[in-house]
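Structure, as structure tokens:
Everything numeric here is computed off the predicted structure, so don't read it as measured data. So you know, we letter chains A, B, ... as the sequences are listed, proteins then strands, and number each from 1.
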Amino acid sequence: MTKTVTDVICPFCGTLCDDLEVVVSDDGKQLLEVYNACAIGAEKFLHSQAEDRITRPRMRQEDGSWKEITYDEAIEYTAKMLVDSKKPLMYGWSSTNCEAQATGSELGELVGAVMDNTATVCHGTSLIAVQDIGIPSCTLGEVKNRADRVLFWGCNPAHAHPRHMSRYSIFPRGFFTGKGHTGRKVVVIDPRPTDTARVADVHLQVEQGRDYELLSAFRIAFRGEKLPDVVAGIPKEQIYEAAETLKSGRFVIIFFGMGVTQSLGKNHNIDIAIAVTRDLNEYTKAAIMPMRGHYNVTGSGQVWGWQFGFPFAVDLSRGFARYNPGETTANDLLRRDEVDSVFVLGSDPGAHFPFSSVKKMYDLPSVAIDPHETPTTEVCKVHVPVAFVGVEIGGCAYRMDNVPIETRKVVEAPEGMMTDEEFLDRVLARVKEIKGV
Amino acid sequence: MAEYLIKNGFVFDPVQGIKGDKTDVAIKDGKFVETTAVKNPKVIDATGKTVMAGGVDIHAHVAGAKVNVGRSFRPEDKLFGFKAGRGIERMQGGFSVPTTIKTGYDYARMGYTTVMEAAMPPLYARHTHEEMRDTPILDQGAYPVFGNNWFVLEYLKNHEIENTAAYIAWLLRATKGYAVKVVNPGGTEAWAWGLNCENVHDPVPYFDITPAQIIKGLIEANEYLGLPHSMHMHANNLGNPGNYTTTLDSFKLSEGIKPNNKFGREQVMHHTHVQFHSYGGDSWANVESKAKEIMDYVNSHDNMTIDMGQVTLDETTTMTADGPFEHHLTELNHLKWANVDVELETGSGVVPYVYSPDIKVCAIQWAIGLELALLATDSMRVFLTTDHPNAGPFIRYPRVMKWLMSQESRDQQFDAFKHKDKVIDATNLAGIDRELDLYEIAQMTRAGPAKSLGLAHMYGSLAPGLEADVAVYDFNPNEPYAPDTIETAFSNARHLFKTGVQIINDREIVSNGNKRTLWVNTKVNENAQVMRDVKEKFLRYYTVTLNNYEVSGHYLPNPYVIEVDATQ
Ligand code: SF4
């Protein structure tokens, strides 16, 4: 006999779908089927069943080979490493639950770490823009129930957030949107002809890196002022028309992604996109939302927000929280040789940081906590495999619209494996012991 | 548990009618007891000091989604407000929107032990609870917002009080909430289309209902259930010149409704931050105080309570579920604006604000708040708040006390205003010479709010049997004092106990306490229709499933459940 668990939350992307159904074996040890998830979401669940999964901590030897160690040894190494460092970097936190994030913060506080999350290489720029100008936003249900104008800008949900369009943004029928997608006008701004652009009513194929100009042109067009004939590769008629499409909506939503947060202009791009949204609120109702990637990157910003007052790049090394992106951000610290050890949990900087940073990680004492083998685990000295959050252990996660949802445990972790939170708890206890507090 | 005897202090306890007499206070097993009941107590010498029950804050925005927006989008708010960790204290930061850790400690330093979060969007309830869990020392509860909730709008359109009540009971349980909060009824729903409801008879777009119907219906549903607190109201038209008529229209909707509860609460409406709702004139050029008109009404109607919303003349961060108001504010001051509309439930906005003594309107607002308290005939029904952080940060409560207790300090403030004469013309404060005493302050900060919350059986007094929450201040009421002494003494409690645990000893925080989260579990008759409606709305309009909505127990590691039986 098998059991079906319903209302399961997908711990993969910031869409945080919560309607999955998962079939598990009667003894709760094997996960057999995943329904309702997209391909990447389903893969995340099924991956926990991999035969060759690493289930015990391991330490890299002089010759590059791995030696299995116990969790106790891994805890000892981690605690010592953190205590011995003047300024450890504790990075990641985006693919774990808020409970682990909260424990991690306490640990970081005790050892004077710099805490940074994956926003540092994706939506950190958006957070900076929000600090400049604020953000008129909403929950995804508002989009589903009200939005008749949807703008995707520098993002490609068809691939990165596969169920976003069907659950929230283009296709669903809501209270005031009974016609579903036929009642919505979809605009895509992207230099590439993406699969998302293919389903749009209008695709503005902006010249690479010239988003700021185009957004600026929108603000001018809203006011009915004059534009040059072509802006950022787009003829002015198209801009006027798109601006009118937005202005005439009852509820406009702008979704934006890494195509603009990490291209030329960075936080300034987001500044002006938010200004466009503010402008629209003088004519109609408009909101804007970042397409957050990891399923709980938003949560780590929230936890640090209430514990320290800053959403990323939090430097605790002086005994109180400091924040100065560019100075206290992970890559800047690594490249300036300002940190003397690296602790990674819930992300894969080995795959996403510049090579020069990864090289620094390779040279420093380092620990990677991750259920998978990743490029990061390959450059760290110790790799601690843990249970999959949202599959083998529950806990809180925040969706891209900041709505918190409690993820579910659907299957048992392989015997003897720790969770993120347990591991952090143990390290915290050991650090307290060493420091005598 | 340790026994304590707080000896020889000047005690102020409105519930027991103690007006500064020298009385000893005994603590055993977390409660106050008769002094004869302690055998071998640790003695706290309170000679020459003031002793009061732990403070109870009926209305502050201290935890949850919009508070965290305020923190995260204002790094500048941390520039001067940080404090390194020390001893058992963890690191702290922030001024107008402090971190959770700092919130707990700063309230404790003022002798406060219970603080209510004034607006919780139900969909964000988990977030509110996570923050409250990480706030040390304080007992806390949160008020879910109901005034723009689609279920409520649809039931009350047809005056279905029983269904509204069943839904309230369900939502309080699902969100682990404490009371029925209403913010700009109908207006925030209208804001989802960029519109507003500016008076009680403005129709809510699409829903075919008016704010007046929502307010009256929710009061009736609240009394139908017999909840510990009354309906907690933030009326339409907040912050606009001439709005006092809307406020009076909203007050009047409570007329003729009698309180029905087993908690000793006597009001059916608590109206919050009334300062923001007491403006005359028709523009910012001629705005004037209508505190007198407002207080004439409050003084003659004993089925309502209010709090002040005192402007403290600081730079702060405004935040409210009144979305249209925050949009209006950002258009006024052109500072950064955050807004979140929450599906089927509510909206909210956050905007920084500077209450400058050089700006006439800010000074008028300052005067209005104080007038409300000084014109009150019953300090048990008018409470001290700043609507933290909207009119100013809560750490200014001792300063507000100073202004209330000392005409000299008010005169000093008047002299510091750039437009002193214009401010005096537009307000009544200069003509009021009343100075409140500590007994009245204890009414406004302890006994009154505890009673209004339906928590007089736990907090607000030092009577035997109550929770042993007590503060000792370095203030001798029998000696002459300079006004600033009040602020200093009440900002730095000498000693503080929370449920019998010593939190502050000689001004040092020595324990993180054992904080509890209060919520109200209401038993109602089975209501198939409401449960069917809930199922359907979740299926069709929410973006989370019904089974993922309820806040589970582990978000409240130390819950305190207040049971209400409304099945008769
Ligand atoms: S869209 Fe994202 S959250 Fe939803 S199933 Fe796919 S990966 Fe999971």
Chain A contacts, top residue of B/E189, B/H327, B/E331 (heavy-atom pairs, under 4.5 Å): B/E189
- request: Give the member of A/M289, A/R167, A/R408, A/E282 that has the highest number of heavy-atom pairs under 4.5 Å with chain B.
  value: A/R408
message: With a 4.5 angstrom heavy-atom cut-off, is it the side chain or the backbone of A/F308 that approaches chain B, or both, or neither?
response: both
- request: With a 4.5 angstrom heavy-atom cut-off, could you sort out which part of A/F312 is near chain B: side chain, backbone, both or neither?
  value: neither
- prompt: So which part of A/R173 gets closer than 4.5 Å to some heavy atom of chain B, the side chain, the backbone, both or neither?
  reply: backbone
query: Yes or no on side chain to side chain contact (heavy atoms under 4.5 Å, CB included) for B/W337 and A/N281, after CA distance, side-chain angles and deciding distance?
result: CA-CA 12 Å; B/W337 170 52; A/N281 271 286; 3.8 Å; yes
- prompt: Taking everything shown except A/F171 itself, do over 12 heavy atoms lie less than 6.0 Å from its CZ?
  reply: yes
- prompt: Do side-chain atoms of B/E343 reach the backbone of A/N145 as a donor and acceptor pair under 3.5 angstrom?
  reply: no
message: As a quick check of understanding, evaluate side chain to side chain contact (heavy atoms under 4.5 Å, CB included) for B/Y542 and A/K144, giving each step before the final call.
response: CA-CA 9 Å; B/Y542 267 105; A/K144 167 174 157 174; over 6 Å; no
- prompt: Between B/K537 and chain A, which part of the residue has a heavy atom less than 4.5 Å away: side chain, backbone, both or neither?
  reply: neither
task: Could you walk me through whether A/T139 and B/Y124 pass side chain to side chain contact (heavy atoms under 4.5 Å, CB included), step by step?
output: CA-CA 10 Å; A/T139 67; B/Y124 287 109; 3.5 Å; yes
message: Please check this pair: side chain of B/N547 against backbone of A/D7, looking for a donor-acceptor N/O pair closer than 3.5 Å.
response: no
field: Geometric cation-pi criterion, A/R250 with B/W193: 6.0 Å, 45°
entry: yes
message: Counting only heavy atoms not in A/K435 (residues, nucleotides, ligands), do more than 12 fall under 6.0 Å from its NZ?
response: yes
query: Can you tell me if B/R126 uses its side chain to pair, donor with acceptor, with the backbone of A/C396 under 3.5 Å?
result: no
task: Tell me, for A/I405 versus chain B, whether the close heavy atoms (under 4.5 Å) come from the side chain, the backbone, both or neither.
output: both
- prompt: At a heavy-atom separation under 4.5 Å, does B/R86 approach chain A through its side chain, its backbone, both, or neither?
  reply: neither
Pairs of heavy atoms under 4.5 Å with chain A: top-ranked of B/R71, B/H127, B/K83, B/R74: B/H127
- request: Could you tell me which portion of A/I9 (side chain, backbone, both or neither) has an atom closer than 4.5 angstrom to a non-hydrogen atom of chain B?
  value: side chain
task: Please say which of B/D134, B/T100, B/T99 ends up in a side-chain hydrogen bond (donor to acceptor under 3.5 Å, both in side chains) with A/Q307.
output: B/D134
message: At a 4.5 Å cut-off on heavy atoms, which part of B/Y549 comes close to chain A: side chain, backbone, both, or neither?
response: neither
field: Donor on one side chain, acceptor on other, B/N548 and A/D18, under 3.5 Å
entry: yes
query: When you check the side-chain N and O atoms of A/Y398 and B/E130, is any donor under 3.5 Å from an acceptor?
result: yes
field: Contact origin within B/L335 toward chain A - heavy atom pairs under 4.5 Å
entry: backbone
query: Looking at A/R322, A/E106, A/E99, which one has more heavy-atom pairs under 4.5 Å with chain B than the rest?
result: A/E106
query: With no hydrogens and no angle check, is any side-chain donor or acceptor of A/E109 less than 3.5 Å from a backbone partner on B/R90?
result: no
- request: Over all heavy atoms of both residues, which pair between B/S72 and A/Q131 is shortest? Give the atoms and the distance, please.
  value: O-NE2, 3.0 Å
- prompt: At what distance, to the nearest 0.5 angstrom, does CE of B/M91 lie from CG of A/L110?
  reply: 9.0 Å
Minimum heavy-atom distance between B/N339 and A/K285, given as atom pair plus value: ND2-NZ, 4.1 Å
query: Is it true that the NZ or CZ of B/K78 lies under 6.0 Å from the centre of A/Y323's six-membered ring and within 45 degrees of the ring axis?
result: no
query: If you tally heavy-atom pairs under 4.5 Å against chain B, which of A/C17, A/P311, A/G309, A/G299 wins?
result: A/G309
query: Should the ring pair B/W150 and A/F175 be called parallel, tilted or perpendicular, given that the plane angle runs from 0 to 90° and is split at 30 and 60?
result: tilted
message: For a salt bridge (charged side-chain N to carboxylate O under 4.0 Å, His left out) check, start with the C-alpha distance between A/R146 and B/D341, then their side-chain angles and the critical distance, and finish with the verdict.
response: CA-CA 11 Å; A/R146 295 185 208 265; B/D341 294 342; over 6 Å; no
query: Going by distance alone, is a donor N or O of one side chain under 3.5 Å from an acceptor N or O of the other, for A/D19 and B/T545?
result: no
message: Within this structure, what is the CH2-OG1 distance for the pair A/W306 and B/T128, rounded to the nearest 0.5 Å?
response: 10.0 Å
query: Can you tell which of B/I88, B/L123, B/I101 has the highest number of heavy-atom pairs within less than 4.5 Å of chain A?
result: B/L123
message: If you count heavy-atom pairs within less than 4.5 Å of chain A, which of B/P98, B/G81, B/P75, B/G70 leads?
response: B/P75
query: What's the verdict on side chain to side chain contact (heavy atoms under 4.5 Å, CB included) for B/T543 and A/R399, showing C-alpha distance, side-chain angles and the deciding distance?
result: CA-CA 11 Å; B/T543 53; A/R399 200 164 69 183; 2.8 Å; yes
field: OH/B/Y206: more than 12 non-hydrogen atoms of other groups inside 6.0 Å
entry: no
message: What's the separation between atom CZ in B/F73 and atom CG in A/D132, rounded to the nearest 0.5 Å?
response: 11.0 Å
statement: If one checks every heavy atom of B/A65 against chain A at 4.5 Å, the contacting part turns out to be neither
query: What part of B/T330 is in contact with chain A, defined as an atom under 4.5 angstrom from a non-hydrogen atom: side chain, backbone, both or neither?
result: both
